[in-house]
Amino acid sequence: MVRKTCFCCVPEVFSLLPEVSRFCPFKKQRDFLNSLLLTPVFNPVKQFTQQFYIKHIMVGQRVRTRFAPSPTGYLHVGGLRTALYNFLFAKKMKGDFIIRIEDTDQSRKVADAQLNLIRTLEWAGIVADESPEHGGNFGPYVQSERLHIYREYCDRLLEEKNAYYCFSTSEELEENRQLQMKQGLQPKYNRKWLPEEMGGSMPSGEVRRKMEEGAPYVIRMKVPDYVSVWFEDMIRGPIEFDSSTIDDQVLMKSDGFPTYHFASVIDDHLMKFTHIIRGEEWLPSMPKHLLLYEFFGWEPPKFAHLPLLLNPDRSKLSKRQGDVAVEDYIRKGYSCDAIVNFVAMLGWNEGEGTEQEVYSLEELIEKFSIERVGKAGAVFNVEKLNWLEKQYIKNRPAEQIIRTIRPLLVAELEKQRAEMPFDIITSDRYLEQVIELMRERVGFEHEFVTFSSYFFFEPGTYEEEAVKKRWTPETNGLLREFLSTLEVLEPFSAEAIEGALREFVAPKGLKAAALIHPLRILVSGVSFGPSLYHMLEVVGRDAVLRRIAKGIERISVPV
RNA sequence: GGCCCCAUCGACUAGUGGUUAGGUCAUCACCCUUUCAAGGUGGUAGCACGGGUUCGAAUCCCGUUGGGGUCACCA
């Protein structure tokens, strides 16, 4: 006997159609509903399609989404994306985004993780409307502070015979699991403690006896046999499960804490979330959650299961194959703009022929739609992230860059003696010039200091290969001669320097390159960098003359 | 192994029955150029396979293959 149940059906009310259409967040569906309004059709096929669309819409209800991490350490980039999509969806719909902390595993709890998680999200611009830090009307937002609530609802399940006590020990269960695996069966609880009155084989007296003994126990949900459970995923469409493949999930652990499955269903309901957007790894436990909603007689929220973020080898993104913590990327110097933009594009795109690649958070909110989220997993490709970071650096206002690099420079100046006056090289005017010369040549903001060190410090060494390539026996003589030209050059500007150099070189029948490359090497220490003339102008006459003179002393060429 | 999900260039993707299969990153070549970048132009490169449905399939259906997820008193 198979009972078909759809747990996600909103009662379809034809008269609501105009209303539904007006509130519908999805353009395509709105259009579809409007077309239905214009040409009412009642054939079964159309009705089915219409139900499909209505199921995705909550009429007149304020959208509430959540991100529910467990405080076990850092924020995973996959977590960031899940949080971001929840946030974007909520904000797009003028609703609320909430953070809830799932700390029901006390052994894995890490001290500062909660605050760190929330701070990191805020770094990315994802600010919660309600959270343990911000408060709200549906608190507490930390599951370990809601234990009495879970207990209460668990008692209800026990009473209504949808859950039962289980005294099997971990060893017993493990043994059972091994045996089943060896037989090629799906590991599943053998229902040893399912009481007689619930269709099991354990006499209720035995349960009572164990109880009185004070034996440790867990509480399991009784999954009905032969039930087909299905729902509409907002991203994937209809998905169906057979209850016979579902285990009698533990709801309450022996330490009195609920499991994820139980706590999250209770909280998602009590906190009135309308849409649950989470990772695809939760898809297999969907039937357990749906069954719980049915046990309680609650209408489930809409669900969307996001595709996974992948390693280059297409397995689930993991620590072993690179950085997964958002903090790692922050430490490396990635900006929130690039990270958020990048992560948003892994699995979502605007569609409709757009070729835009760079989006601000505001733009993402404006343009995001859950229906445009793809189904297939996406490889986290650092090269594209790097490119995005460069795009942002190219376009970021200089004053904003100055705010982040000045502290780095000052710290560097404490370690290393500057060649030029502190006040000058840390001034807005000076830094701005450095930024404009270097912004198309750096990959990260901190490289304005490290890659551009010759704007602040005398080069300590000269690139050996470059010296070998660019020096001839005449070079030092030419430099010495040109030095005196630079000494009196007025003004000491890029334009004037270029003019002087070309004038200097032409009568000698030499190419400008004969002097250009050696000059660059003496002044910067390296063979690459911005426009030579502009660089000389910014570094300034004093330092340039000093560096050239010193360089000539230091570089000796075999004649 | 059971269950579930997924499948367009190396990567991210556009594409919803008729396109020379488009864009971005990466890559290659050329141009620009004092170097390195940036920029410009162009190129290489893709519908996993097999059956249907259809006048016509990347697109719809079925199967195969491949990949992934999940099967805890972790989330």
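First the proteins, then the strands, lettered A, B, ... as listed; each starts at 1. Since the model is a prediction, treat every value here as computed from it, not as a measurement.
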For nucleotides 1-6 of chain B, which of its nitrogen or oxygen atoms have a protein nitrogen or oxygen under 3.5 Å away, and what is each distance?
| unit_1 | atom_1 | unit_2 | atom_2 | d |
| --- | --- | --- | --- | --- |
| B:C5 | O2' | A:Arg236 | NH1 | 2.6 |
| B:C5 | O2' | A:Glu280 | OE2 | 3.0 |

### Task
Could you tell me whether A:Lys508 sits above the aromatic face of A:Phe504, with NZ or CZ closer than 6.0 angstrom to the six-membered ring centre and within 45 degrees of the axis?
yes
### Task
Look at the rings of A:Phe451 and A:Phe528 and say which category their plane angle falls in: under 30° parallel, 30 to 60° tilted, over 60° perpendicular.
tilted
#### Entry: Residue list, ring pair (Phe, Tyr, Trp, His ring centres under 6.0 Å) with A:Tyr329, at least two apart or on another chain
A:Tyr334, A:Phe380
### Message
Once rounded to the nearest 0.5 Å, what's the spacing between atom OG of A:Ser264 and atom CD1 of A:Ile276?
### Response
8.0 Å
### Nearest-angstrom distance from the residue atom CG of A:Asp313 to P of B:A11
12 Å
### Message
How many whole angstroms separate atom CD of A:Glu175 from atom C1' of B:A72?
### Response
17 Å
#### Entry: Atom-to-atom span, CD of A:Gln356 to C1' of B:U13 - whole angstrom
15 Å
### Task
Whole angstrom is fine here: how far is it from CD in A:Glu440 over to P in B:G40?
11 Å
### Message
Does the Lys NZ or Arg CZ of A:Arg439 fall within the cation-pi geometry relative to A:Phe448 - under 6.0 Å from the ring centre and within 45° of the axis?
### Response
no
### Task
Choose from B:A11, B:A14, B:C73 the nucleotide whose nearest atom is closest to any side-chain atom of A:Asn349.
B:A14
### Query
Can you give one letter per nucleotide of nucleotides 25-35 of chain B, going 5' to 3': B for a protein heavy atom under 4.0 Å from the base, S for sugar-phosphate only, - for none?
SS-------BB
### Query
A:Lys394 near the nucleic acid: base, sugar-phosphate alone, or nothing, with a heavy-atom cut-off under 4.0 Å?
sugar-phosphate
### Task
Evaluate the criterion side-chain hydrogen bond (donor to acceptor under 3.5 Å, both in side chains) for residue pair A:Ser144 and A:Asp103; output intermediate values, then yes/no.
CA-CA 6 Å; A:Ser144 59; A:Asp103 60 344; 2.6 Å; yes
#### Entry: A:Glu102 CD to B:A75 C1', straight-line distance once rounded to whole Å
7 Å
### Message
If I take atom CD in residue A:Glu172 and atom P in nucleotide B:C73, what distance separates them, rounded to the nearest angstrom?
### Response
13 Å
### Any residue meeting side-chain contact (heavy atoms from CB on, under 4.5 Å) with A:Asn311, in chain and number order, not counting sequence neighbours
A:Asp313, A:Ser315, A:Leu317, A:Ser318, A:Gln321
### Query
Once you round it to whole Å, what is the distance between P of B:A75 and CG of A:Asp103?
10 Å
### Query
ring pair (Phe, Tyr, Trp, His ring centres under 6.0 Å) with A:His261: which residues, sequence neighbours excluded?
A:His289
### Message
Within the 4.0 Å heavy-atom criterion, would you say A:Ser168 contacts the bases, only the backbone, or no part of the nucleic acid?
### Response
base
### Query
What integer number of Å spans the P atoms of B:A37 and B:A45?
26 Å
### Message
Taking the minimum atom-to-atom distance to the side chain of A:Arg372, which one of B:A14, B:C74, B:G67 wins?
### Response
B:A14
### Message
If the condition is ring pair (Phe, Tyr, Trp, His ring centres under 6.0 Å), which residues does A:Tyr153 pass it with, not counting sequence neighbours?
### Response
A:Phe296, A:Trp298
